[in-house]
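Note sheet for the following structure.
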Amino acid sequence: MDPVKVKIVNRSNNALPAYGTSESAGMDLRAWLSEPIVLQPLQRALVPTGVSIELPHGYECQIRPRSGLALKKGVTVLNTPGTIDADYRGEIGVILINLSNEPFTIENGERICQMILSQYSKVEWSEVEVLGDTERGAGGFGHTGVK
């Protein structure tokens, strides 16, 4: 698999977003803070990263929670997945929420989320009067049972 070249500006003193292992799909993105942020239970905050990117046409960057942070501390990305569009040039900010019962302190340089680069297709709608039949049909929410 050939890597996709993405332009990046890093105004922070942190390392560039990076993969934790050779098979990781997501790159860890870090908080860029002049002082720690304390998230109280059920409080949310926009956490700056100091990073801006220029994605190629046809790509988006998704912001997703870090599983360890969610499991161990109850802190997650509120609008997950967050989408960074190819035409956005501002600093990436991450909306974190503390779903635990204890305050959580975010420090400068802390890994706060994952970034996933994803290629997408544009939709061209074709209005019709009837959709094709399938075995599932209009069955939704729990239509196959619970076990």
Side-chain angles (χ1 to χ4, degrees), residues 1-127 131 134 136 138-147:
M1 173 180 358
D2 292 328
V4 176
K5 293 198 182 290
V6 176
K7 295 179 182 177
I8 187 166
V9 173
N10 184 5
R11 290 183 180 89
S12 79
N13 55 350
N14 297 317
L16 293 178
Y19 297 103
T21 68
S22 62
E23 295 298 317
S24 293
M27 296 170 275
D28 290 325
L29 184 59
R30 298 173 183 272
W32 181 44
L33 304 170
S34 56
E35 57 186 46
I37 295 174
V38 178
L39 278 181
Q40 297 299 325
L42 299 179
Q43 184 181 14
R44 64 187 179 272
L46 180 62
V47 181
T49 64
V51 171
S52 303
I53 58 177
E54 182 178 330
L55 296 170
H57 177 75
Y59 284 85
E60 66 162 330
C61 194
Q62 295 179 5
I63 301 298
R64 299 182 184 176
R66 294 190 67 239
S67 59
L69 197 56
L71 177 64
K72 295 173 185 171
K73 300 295 183 178
V75 175
T76 190
V77 176
L78 186 57
N79 64 321
T80 189
T83 296
I84 301 166
D85 294 307
D87 58 352
Y88 178 67
R89 296 293 184 270
E91 178 183 354
I92 297 171
V94 179
I95 305 168
L96 291 183
I97 187 166
N98 181 359
L99 297 176
S100 78
N101 294 323
E102 299 176 8
F104 176 74
T105 302
I106 306 165
E107 304 281 350
N108 181 58
E110 186 161 355
R111 296 176 298 158
I112 57 170
C113 67
Q114 294 187 71
M115 298 174 63
I116 308 276
L117 185 67
S118 181
Q119 197 168 16
Y120 64 88
S121 300
K122 290 284 191 173
V123 171
E124 182 178 314
W125 297 111
S126 175
E127 285 193 80
L131 300 176
T134 67
R136 179 179 182 169
F141 305 102
H143 80 282
T144 59
V146 289
K147 291 189 179 186

Flag, side chain of Asn14 to backbone of Ala31, donor-acceptor distance under 3.5 Å: yes
From CD1 (Ile112) to CD1 (Ile106), nearest 0.5 Å: 6.5 Å
Ile63 and Thr80: which non-hydrogen atoms are nearest, and at how many Å? O-OG1, 3.8 Å
Of all heavy-atom pairs between Glu91 and Tyr88, which one has the smallest distance, and what is that distance? O-OH, 2.8 Å
Could you list the donor-acceptor pairs under 3.5 angstrom formed between side-chain atoms of residues 37-44 and any protein atom two or more places apart in sequence or on another chain?
{"residue": "Gln43", "atom": "OE1", "partner": "Gln40", "partner atom": "N", "Å": "2.8"}

Using a 4.5 Å cut-off on heavy atoms from C-beta on, say whether the side chain of Val47 contacts that of Glu110. no
Mind listing the closest non-hydrogen atom pair of Arg11 and Trp32 along with its distance? O-CZ2, 3.4 Å
For the CE atom of Met27 and the CZ atom of Arg64, what is their distance to the nearest 0.5 Å? 11.0 Å
Is a donor on one side and an acceptor on the other found under 3.5 Å between the side chain of Ser52 and the backbone of Val9? no
If you count every heavy atom of other residues, nucleotides or ligands that lies below 6.0 Å from Asn101 atom CG, does the total exceed 12? no
So how far is it from Thr83 OG1 to Gln62 CD, rounded to the nearest 0.5 Å? 5.5 Å
In the structure I gave you, are the side-chain heavy atoms of Pro56 and Val6 within less than 4.5 Å of one another anywhere? yes
Drop me the distance from Leu78's CG to Ile97's CD1, to the nearest 0.5 angstrom. 5.0 Å
Rounded distance (nearest 0.5 Å) linking atom CD of Glu54 with atom CG of Asp87: 10.5 Å
Heavy-atom check, side chain of Asn79 versus side chain of Val77, under 4.5 Å: yes
Can you list the steps and then say if Asn13 with Asn108 is a side chain to side chain contact (heavy atoms under 4.5 Å, CB included)? CA-CA 9 Å; Asn13 55 350; Asn108 181 58; 3.4 Å; yes
Measure the shortest side-chain to side-chain distance between Pro81 and Ile116 over non-hydrogen atoms and say whether it is less than 4.5 angstrom. no
For a quick test of reading the model, state the closest non-hydrogen atom pair linking Leu55 to Tyr59 and the distance between them. CD1-O, 4.0 Å
Heavy-atom check, side chain of Leu96 versus side chain of Phe104, under 4.5 Å: no
Take Gln114 and Leu29 through the test side chain to side chain contact (heavy atoms under 4.5 Å, CB included) and record every step on the way to the result. CA-CA 6 Å; Gln114 294 187 71; Leu29 184 59; over 6 Å; no
Can you measure from CG (Leu99) to OG1 (Thr76) and round to the nearest 0.5 angstrom? 6.5 Å
If you count the non-hydrogen atoms of other residues, nucleotides and ligands that lie under 6.0 Å from CG in Leu46, is the total more than 12? yes
When every non-hydrogen atom of Lys73 is compared with those of Asn98, the smallest separation belongs to O-OD1, 4.0 Å
Give the minimum heavy-atom separation between Cys61 and Met115, together with the two atoms involved. SG-CE, 3.2 Å
